[in-house]
Each structure stands twice: as structure tokens, then as C-alpha cells.
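By convention in this document, chain letters (A, B, ...) are assigned in the order of the sequence lines, proteins followed by strands, and residues within each chain are numbered from 1. All values derive from a computational prediction rather than experimental measurement.
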Number of protein chains: 2
Amino acid sequence: MTSHLRAGPLRARRTAGGKLLAVLAAFSRERPTLTLSEIARTVGVPLSTAHRLVGELTRWGALERDADGRFRIGLRIWELGALAPPALGLREAALPFMGDLYEVTHQNVQLAVRDGDEVVFVERIAGRDAVNVLTQVGGRFALPPTGVGLVLLAHAPAEVQEHVLAGPLTAYTQHTITDARQLRRVLAEVRRSGMAVSDRQVTEDAVSVAAPIEVRGAVVAALSIVVRGSSPAAVRSYAPGVRAAALGIGRILASTSTWS
Amino acid sequence: MTSHLRAGPLRARRTAGGKLLAVLAAFSRERPTLTLSEIARTVGVPLSTAHRLVGELTRWGALERDADGRFRIGLRIWELGALAPPALGLREAALPFMGDLYEVTHQNVQLAVRDGDEVVFVERIAGRDAVNVLTQVGGRFALPPTGVGLVLLAHAPAEVQEHVLAGPLTAYTQHTITDARQLRRVLAEVRRSGMAVSDRQVTEDAVSVAAPIEVRGAVVAALSIVVRGSSPAAVRSYAPGVRAAALGIGRILASTSTWS
DNA sequence: GATCTGTCTTCCGTCACGTGGAAGCGCGGT
DNA sequence: ACCGCGCTTCCACGTGACGGAAGACAGATC
């Protein structure tokens with residue numbers, strides 16, 4: 001096979017050709033709606049060009065225009081997204097288990113996959129009140145400090161692990177592990193025990209337990225429970241539940257459709 | 001404003017320009033993964049062209065290539081989709097309420113929006129067992145026979161209603177309403193009562209109650225409970241719960257971010 | 001009312017860049 | 001050895017994307 005088309009584990013590349021894609025890339029979690037001028041400025045093309053590009057995308061359904069004349073990502077893209085690996089199978093398989101976990105614990109339940117050297121949050125169940133701005137569905141975060149990230153990193157290809165361990169490890173709190181040597185030990189422990197605990201590494205008041213979701217030996221995602229303002233010991237008691245759910249999800253995935 | 005760029009209520013159009021988009025359009029719920037040749041055939045371009053297009057999309061993250069060499073929609077598209085109206089706000093606001101509804105009823109709970117003359121299912125909560133193939137997240141269906149569709153159609157712009165009423169009304173079961181005059185009466189009743197009941201109109205064993213989700217007077221989505229193999233009367237008892245949840249969701253939407 | 005500043009829209013001549021034919025590679029079947 | 005199939009790379013050609021320019025429109029400021 002040995003293809004140039006493989007999306008390498010280490011993301012990002014030159015903008016290449018299609019300006020259509022550049023227009024789509026202008027939208028982000030921070031700026032989910034844009035005006036035509038904003039798009040033109042962000043992409044770096046003249047207004048007339050942006051106008052044509054946006055027109056094409058809008059006709060196709062990739063973008064929508066709301067009443068104020070602002071553009072946003074359209075339904076068509078959302079529908080396509082429903083065909084991507086996170087949504088197709090993984091989400092469907094995981095939701096019931098996540099629901100059960102939530103019913104029992106009434107804590108945040110998270111489902112995430114790895115993309116390059118980042119976690120991407122695929123699903124989250126939380127109470128009506130628990131407004132957790134840090135992790136949003138579709139959001140990204142660095143791998144090392146999060147519970148799911150530790151699990152995903154521990155089972156990532158060696159080349160990814162080395163890249164993360166080599167790069168600077170950002171400290172989000174006092175407790176964030178920033179020493180590569182120590183992180184390496186933690187990852188080994190995660191592999192050994194089959195679970196990870198992130199103790200206030202992301203924010204001062206959040207502790208999480210995470211377990212890998214495996215299908216035929218390969219870790220494809222991670223599941224976690226996040227508790228705010230609790231002791232690591234108490235949180236650790238959730239571990240068996242999380243692991244059981246992760247196991248169940250893996251079993252469903254393996255039995256259903258194709259999962260690389 | 002009066003723009004050509006407005007995505008009209010009545011979907012579909014000429015394929016226009018960008019072949020990149022045509023490649024993305026080749027993926028569907030029925031065929032979520034494709035080989036390069038399949039893409040070339042579907043789009044109707046020579047293999048070399050498809051190769052370049054797919055390469056561009058893959059580099060960007062819009063497509064991914066799995067171990068077998070087959071292509072699928074990539075994480076990047078899924079992330080963008082998380083910025084679309086269904087996911088951004090609506091989903092977040094609705095999930096807790098849907099979870100509550102499910103906890104109480106243990107029946108299928110559905111969230112849907114309208115796109116042109118079709119329903120698009122945005123979210124669904126179902127038990128681990130209830131495998132309902134007919135409605136999948138990201139899936140589409142005709143408006144008239146479904147509960148959510150009746151609600152959305154009843155509150156759609158007159159031009160959409162006329163278009164649907166004029167077009168042929170497909171009969172999915174013996175009970176599907178296919179008479180325009182009768183459908184018109186039902187829609188009026190839906191508007192009056194603030195809820196819709198679809199009695200075995202989609203399949204012989206499914207009945208659903210649906211309620212509109214309104215924000216500042218505009219119906220932006222619909223919520224429903226679907227019950228299999230039950231009498232309409234029994235199902236109707238769920239109506240207050242559904243309506244209360246829909247009301248709650250609308251309130252959240254109105255209070256939070258911008259909702260056209 | 002005049003002017004300015006910002007937004008969006010349309011038009012059209014030029015030339016980069018996407019296009020697709022052709023050739024080559026690797027594999028599995030006969 | 002031969003063929004068929006799917007994939008990859010290369011490159012000369014000609015089309016369709018690009019963006020400058022001009023103008024419509026709305027809101028603010030004087």
C-alpha cells in the first residue's frame with residue numbers, strides 16, 4: 001500500500017490547493033459564525049473571491065446563512081460528519097453505556113478518540129447544571145493532562161508517544177505532569193493497570209478516571225468519568241464501572257461493523 | 001439583503017463547480033466507505049483526477065483512509081459538523097431533557113429539525129436493545145408520516161407546506177395519510193393543540209407523540225417519543241412529558257446563544 | 001443632505017492551476 | 001507468462017477560477 005495519502009499521525013500540513021477547504025477551516029469553536037468579510041480576511045483572499053467560494057459552499061449546503069447574514073456550518077456538513085468514525089458505530093455503541101454510567105454516578109461521562117497528538121471529545125453526558133466549558137463535543141485538548149488522553153497516549157504508536165514526550169509539556173495546573181521521565185512512568189502504569197487517573201492535571205478541581213475501549217486488541221477510544229472537587233481516592237471507586245462500560249462498548253464495536 | 005446565496009427552503013441544485021464537494025457527496029449512509037475507484041466512478045471523473053482530489057481532501061483531514069485502503073469521512077468534517085446548528089446549542093440543550101424523558105419512559109426519544117421537505121434526525125436516545133434502523137442520527141425521512149415531521153411541517157413556511165401537499169404523499173403503511181385535504185386538517189389540528197401524533201404512519205408497530213421546540217415564537221426543532229406496538233391512547237399519555245421537555249429546551253435555547 | 005466607512009454584490013479579462021490522457025507499478029488470479 | 005484490476009505518478013493543455021474594479025446599499029457622523 002505505502003501511500004502518500006495516509007493521514008499521518010502527526011497532523012497539519014501546508015494549505016495546499018482548494019480554497020473551498022480554507023473557507024471551511026475559517027470556522028472554529030471560538031468563531032462558529034462569520035460574515036463574508038470576516039471569512040475573506042481570515043482566509044486571506046479578496047472579497048470577490050470569498051463571495052464566490054462562499055456562494056458555492058452555500059448552494060451545496062456546506063454553509064448556511066442565518067437571518068443576520070452571517071454564515072455558519074451547514075446541515076450537509078453535519079450529516080457527513082455523522083458518517084465519520086466517531087459517529088458511525090462508536091457513538092451509537094457507547095451512548096447506552098454512557099447513559100447507564102451517568103444514571104449511576106451522576107457525574108460527567110466522556111468519550112474521546114485520539115487525533116495526532118490531541119484528544120478529540122466525541123461525546124459527553126452531563127447533568128443539566130454541570131456546565132463544563134473545558135470539554136465540549138467536537139473539542140480538542142492536549143493528550144497528557146486528561147484522563148482519556150493518558151489512556152490514548154499510552155496505547156498510541158511509539159512514534160506518537162515520542163513526539164509528545166519530546167515536545168514541551170504544558171502545565172495547566174500545579175499538578176500537571178511536565179517531566180517526560182515521570183510521564184513515561186505514568187504511561188507504563190496506565191498500560192499495566194488498564195486505567196488512568198488524572199488528578200487535577202487539567203483544572204484544580206477536576207479528577208478523572210479513564211479506561212481504554214479496545215476492539216480486537218487495538219485501543220480505538222477512551223471512556224472517562226470526571227468528578228469535580230473530590231478526592232482521587234473517591235474517584236478511583238468509579239474505576240470498575242468505567243472499565244466495565246469500556247469493555248462492553250468494545251465488545252459491541254467488535255461484533256458490529258468494521259472497525260480498523 | 002436579497003441574496004442569491006440564501007439556501008432556499010427547497011433543497012437540491014446543480015452540481016455547480018467544486019469537484020471536491022462532489023467527492024464528499026459520494027459518501028452516504030448506505031455507502032460510508034469507498035475505494036478510490038468507487039469514488040471515481042460515482043463522481044464521474046478519471047481515476048487520476050479522483051486520486052488528486054482525494055489526496056487533497058485526505059491531507060486536509062476531510063477524508064481518512066483505513067487499513068484496507070478504503071476512504072471514509074474524516075475527523076475534521078465531524079468536528080466541523082459539531083459547529084452546525086443541530087449540534088451547536090440545540091443538541092447540548094436538548095440532551096439532558098431527552099435523558100430525563102428516557103429515564104422516565106424508557107422509550108425511544110427523538111430530536112429532529114427540518115431541511116427543505118425532509119426531517120433530519122439530530123439526536124436519538126434508545127435503550128441498548130431497541131435497535132431502530134429506521135431513524136438514525138444524521139438520517140433523513142419524509143415529513144408527513146413522522147410525528148416530528150408533522151410538527152415541523154405544521155409550522156413551516158406556507159410555501160414549503162404547499163410544496164409538500166402538492167407533491168405525491170408516499171404511503172408507508174395502511175395508516176399513512178395520503179390525502180392532501182386530510183393532511184391539511186391534521187396540520188391545523190397540530191398547530192391548534194401544540195402536538196402531533198403519528199399513529200402507525202411510518203411502520204405498522206410504531207406510534208409517536210411529538211411537540212415543537214420554539215424559541216421566540218419560531219419552531220426550530222421537534223421532540224418526540226416513539227413507542228413500538230402500543231395503542232395510540234397509551235402513547236398519548238406521554239404527551240405532557242414531551243411537551244414539557246420541548247418547552248424546557250426552547251427556554252434554554254432562547255436564553256443561551258443566538259438562535260435565528 | 002453630503003460624506004465617509006463599512007458591508008456585500010456583480011462583472012469580466014487574464015493566466016495560474018486543475019484536468020485527464022498516458023504510462024508504469026504491484027498484486028492476485030488463470 | 002499473461003491478463004485484469006486498482007492505484008500512483010507525470011506532464012502538456014485549455015478551461016474555469018481568480019481578483020481587480022466599479023457600484024449598490026446601509027449606517028454613522030457632521
> In whole Å, what is the span from the CG atom of A/L36 to the C1' atom of C/dT10?
Replying inline: 13 Å
> Nearest of D/dT8, C/dG20, C/dC8 to any side-chain atom of B/R65?
Replying inline: D/dT8
> Counting any heavy atom closer than 4.0 Å, what does B/L47 reach on the DNA or RNA strands: base, sugar-phosphate only, or nothing?
Replying inline: base
> Looking only at side-chain N and O atoms, does A/H51 come under 4.0 Å of OP1 or OP2 in C/dC8?
Replying inline: no
> CZ of A/R41 versus C1' of C/dC8: gap in Å, rounded?
Replying inline: 13 Å
>> Which nucleotide wins on minimum distance to the side chain of B/S37, given the candidates D/dC7, C/dG20, C/dT9?
In response: D/dC7
> Does the side chain of A/K19 get closer than 4.0 angstrom to OP1 or OP2 of D/dG19 through an N or O atom?
Replying inline: yes
> Expressed in angstrom and rounded to an integer, what is the separation of A/E38 atom CD from C/dG6 atom C1'?
Replying inline: 12 Å
>> From CZ of B/R59 over to P of D/dT8, roughly how many Å is that when rounded to an integer?
In response: 12 Å
> Which residue pairs satisfy the salt bridge (charged side-chain N to carboxylate O under 4.0 Å, His left out) criterion with at least one member in residues 81-92 of chain A, sequence neighbours excluded?
Replying inline: A/R91-A/E123, A/R91-B/E123, A/E92-B/R124
>> Need the bend value for the helix from C/dG1-D/dC30 to C/dT30-D/dA1: angle between end axes, 5 pairs each end, nearest 10°.
In response: 30°
Output side-chain donor-acceptor pairs under 3.5 Å for residues 20-31 of chain B, partner residues at least two apart or in another chain, one line each.
residue	atom	partner	partner atom	Å
B/S28	OG	B/E30	N	3.4
B/S28	OG	B/E30	OE1	3.4
B/S28	OG	B/R31	N	3.2
B/R29	NH1	B/Q136	OE1	3.2
B/R29	NH2	B/V137	O	2.9

>> Output the rounded distance in Å from CG (A/L53) to P (D/dG19).
In response: 9 Å
>> What is the distance, to the nearest angstrom, from the CG atom on A/D68 to the P atom on C/dG6?
In response: 21 Å
>> Once side chain to side chain donor-acceptor pair (under 3.5 Å) is applied, do any residues pair with A/T203, and if so which ones, sequence neighbours excluded?
In response: A/D205
> What residues form a side chain to side chain donor-acceptor pair (under 3.5 Å) with B/S37, not counting sequence neighbours?
Replying inline: none
>> Using only atom types and a distance under 3.5 Å, with no angle test, would you say the side chain of B/R191 pairs donor to acceptor with the backbone of B/A154?
In response: yes
> Does B/R52 have a side-chain nitrogen or oxygen under 4.0 Å from the phosphate oxygens OP1 or OP2 of C/dT19?
Replying inline: yes
>> List the residues meeting side-chain contact (heavy atoms from CB on, under 4.5 Å) with B/T49, not counting sequence neighbours, and say none if there are none.
In response: B/V45, B/P46, B/R52, B/L53
Hey, what are the protein-to-nucleotides 21-23 of chain C N/O distances that come in under 3.5 Å?
residue	atom	partner	partner atom	Å
C/dG21	O6	B/S48	OG	3.0

> Under the side chain to side chain donor-acceptor pair (under 3.5 Å) test, which residues partner A/R70, sequence neighbours left out?
Replying inline: A/T33, A/E38
>> What is the separation between atom CD on B/E56 and atom C1' on D/dT8, rounded to the nearest whole Å?
In response: 17 Å
> For A/R184, what residues pass the side chain to side chain donor-acceptor pair (under 3.5 Å) criterion, not counting sequence neighbours?
Replying inline: A/E162
> So, the side chain of B/Q110 versus the backbone of B/L223: is there a donor-acceptor pair under 3.5 Å, distance only?
Replying inline: no
